[in-house]
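Remarks on the structure that follows.
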Amino acid sequence: MMMLIGVNRSPYTRRVAMTLKAYDVPFEQRSLSGFADRAEVRASNPLGRIPALVLDNGEALIDSGAIIDHLDEAYGGDRALTPASGADRRAVLKVAALTMGACDKSLQAAYARNHTPPEKVHQPWIDDCNAQVTNALAAVDAMIDPARPYLLLGRLTQADITAFVAERLARGIGIDTETRTPRLRALTRKLLEEPPFSSTEP
Ligand SMILES: N[C@@H](CCC(=O)N[C@@H](CS)C(=O)NCC(=O)O)C(=O)O
């Protein structure tokens, strides 16, 4: 059985776990952390980052985007979470880029706080990261029609999955998504009722 390496506290790992669940693909998970379990993580990813996905033949895929690209190809058929081509694909990839970029910046802010001696923490840099997160998520918030159950295309796509993990992480680093991105916050509440989301809560 395929083995997902990583903890669902990681937004990148969780998006892979949610994609596997959405495709109804059975998998096992080794809950390793990128920092605490670096040596073990390296066995699957020399870069020492999570997630990695070890396939049945032992091949290890790394980086959530590349892993999901494989899952779409193998299991997505004509209902891939990222559409195969055209305007629909561009729209989903744009939301994924905004929200995954927001995750990158949220983590940079968190790393600046947690992996830097207190006297060297440079608050203007953290503020700049937080502003980038808020602006990216505000752009996604503006795309949301509260009357619709999903962000794009009238069905679950990778846009919902990445927006979900990005909103959660932003909230985790102290951004008030309730007031800054209320439609996105409402969407993530609704999505949490669906199995791929509820069953992957860390
Ligand atoms: N672009 C990568 C980012 C992966 C990533 O940054 N993972 C974090 C955990 S959330 C990690 O392992 N950090 C440890 C490190 O960067 O050394 C992806 O999409 O998979």
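Remember, it's 1-based here, ligands and their atoms both numbered in the order they're listed. Nothing here was measured: the structure is a model prediction, and the numbers come from that model.
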Any idea which part of M100 is under 4.0 Å from ligand 1, heavy-atom wise: side chain, backbone, both or neither?
-> neither

Rounded to the nearest 0.5 Å, the CG atom of L20 sits from the CG atom of L4 at a distance of 6.5 Å

Would you mind listing which atoms of ligand 1 come within a distance below 4.0 Å of any non-hydrogen atom of G34?
-> 12 (O)

Below 4.0 Å from any atom of ligand 1, is there a heavy atom belonging to L107?
-> yes

For atom 19 (O) of ligand 1, the protein heavy atom that lies nearest, with its residue and separation = S64 OG, 2.6 Å

Starting from atom 10 (S) of ligand 1, locate the nearest protein heavy atom and write down its residue, its atom name and how far away it is, to 0.1 Å.
-> S10 OG, 3.2 Å

Atom 4 (C) of ligand 1: nearest protein contact (heavy atom, Å) | I50 O, 3.2 Å

Compile the donor-acceptor pairs under 3.5 Å between side chains in residues 189-202 and protein atoms, sequence neighbours left out, one pair per line.
{"residue": "R189", "atom": "NH1", "partner": "E178", "partner atom": "OE2", "Å": "3.1"}
{"residue": "R189", "atom": "NH2", "partner": "E178", "partner atom": "OE1", "Å": "3.0"}
{"residue": "R189", "atom": "NH2", "partner": "E178", "partner atom": "OE2", "Å": "3.3"}
{"residue": "K190", "atom": "NZ", "partner": "R148", "partner atom": "O", "Å": "3.4"}
{"residue": "E194", "atom": "OE1", "partner": "Y150", "partner atom": "OH", "Å": "3.4"}
{"residue": "E194", "atom": "OE2", "partner": "Y150", "partner atom": "OH", "Å": "2.8"}
{"residue": "S198", "atom": "OG", "partner": "E194", "partner atom": "O", "Å": "3.3"}
{"residue": "S199", "atom": "OG", "partner": "P195", "partner atom": "O", "Å": "2.6"}
{"residue": "T200", "atom": "OG1", "partner": "R14", "partner atom": "NE", "Å": "3.0"}
{"residue": "T200", "atom": "OG1", "partner": "R14", "partner atom": "NH2", "Å": "3.4"}
{"residue": "T200", "atom": "OG1", "partner": "P196", "partner atom": "O", "Å": "2.8"}
{"residue": "T200", "atom": "OG1", "partner": "F197", "partner atom": "O", "Å": "3.1"}
{"residue": "E201", "atom": "OE1", "partner": "R168", "partner atom": "NH2", "Å": "3.3"}
{"residue": "E201", "atom": "OE2", "partner": "R14", "partner atom": "NH1", "Å": "2.9"}
{"residue": "E201", "atom": "OE2", "partner": "R14", "partner atom": "NH2", "Å": "2.8"}
{"residue": "E201", "atom": "OE2", "partner": "R168", "partner atom": "NE", "Å": "3.4"}

Between R15 and ligand 1, does any nitrogen or oxygen pair lie at a separation below 3.5 Å?
-> no

How many angstroms lie between CG in L53 and OG in S64, if you round to the nearest 0.5 Å?
-> 11.5 Å

How long is the span from the CG atom in D176 to the OG1 atom in T134, to the nearest 0.5 Å?
-> 9.5 Å

Those residues that, when tested against D72, pass side-chain hydrogen bond (donor to acceptor under 3.5 Å, both in side chains) (two or more places apart) = Y23, T82

Note: ligand 1 atoms sitting under 4.0 Å from heavy atoms of Y111 are 8 (C), 13 (N)

Number the atoms of ligand 1 from 1 as they appear, then name those within less than 4.0 Å of a heavy atom of R38, with their elements.
-> 14 (C), 15 (C), 17 (O)

Go through ligand 1 atom by atom and flag the ones less than 4.0 Å from a non-hydrogen atom of P51.
-> 20 (O)

Taking atom CZ of R9 as the centre, does the number of heavy atoms from other residues, nucleotides or ligands within less than 6.0 Å exceed 12?
-> no

For the pair Q29 (side chain) and G6 (backbone), establish whether a donor and an acceptor sit closer than 3.5 Å, ignoring hydrogens and angles.
-> yes

for atom 1 (N) of ligand 1, nearest protein heavy atom and its distance come out as D63 OD2, 3.1 Å

Report the C-alpha distance between R185 and D141 in whole Å, list the side-chain angles of each, state the deciding distance to 0.1 Å, and finish with yes or no for side chain to side chain contact (heavy atoms under 4.5 Å, CB included).
-> CA-CA 9 Å; R185 180 68 189 104; D141 188 76; over 6 Å; no

May I ask you to identify the nearest protein heavy atom to atom 11 (C) of ligand 1, giving residue, atom name and distance to one decimal place in Å?
-> R49 CG, 3.8 Å

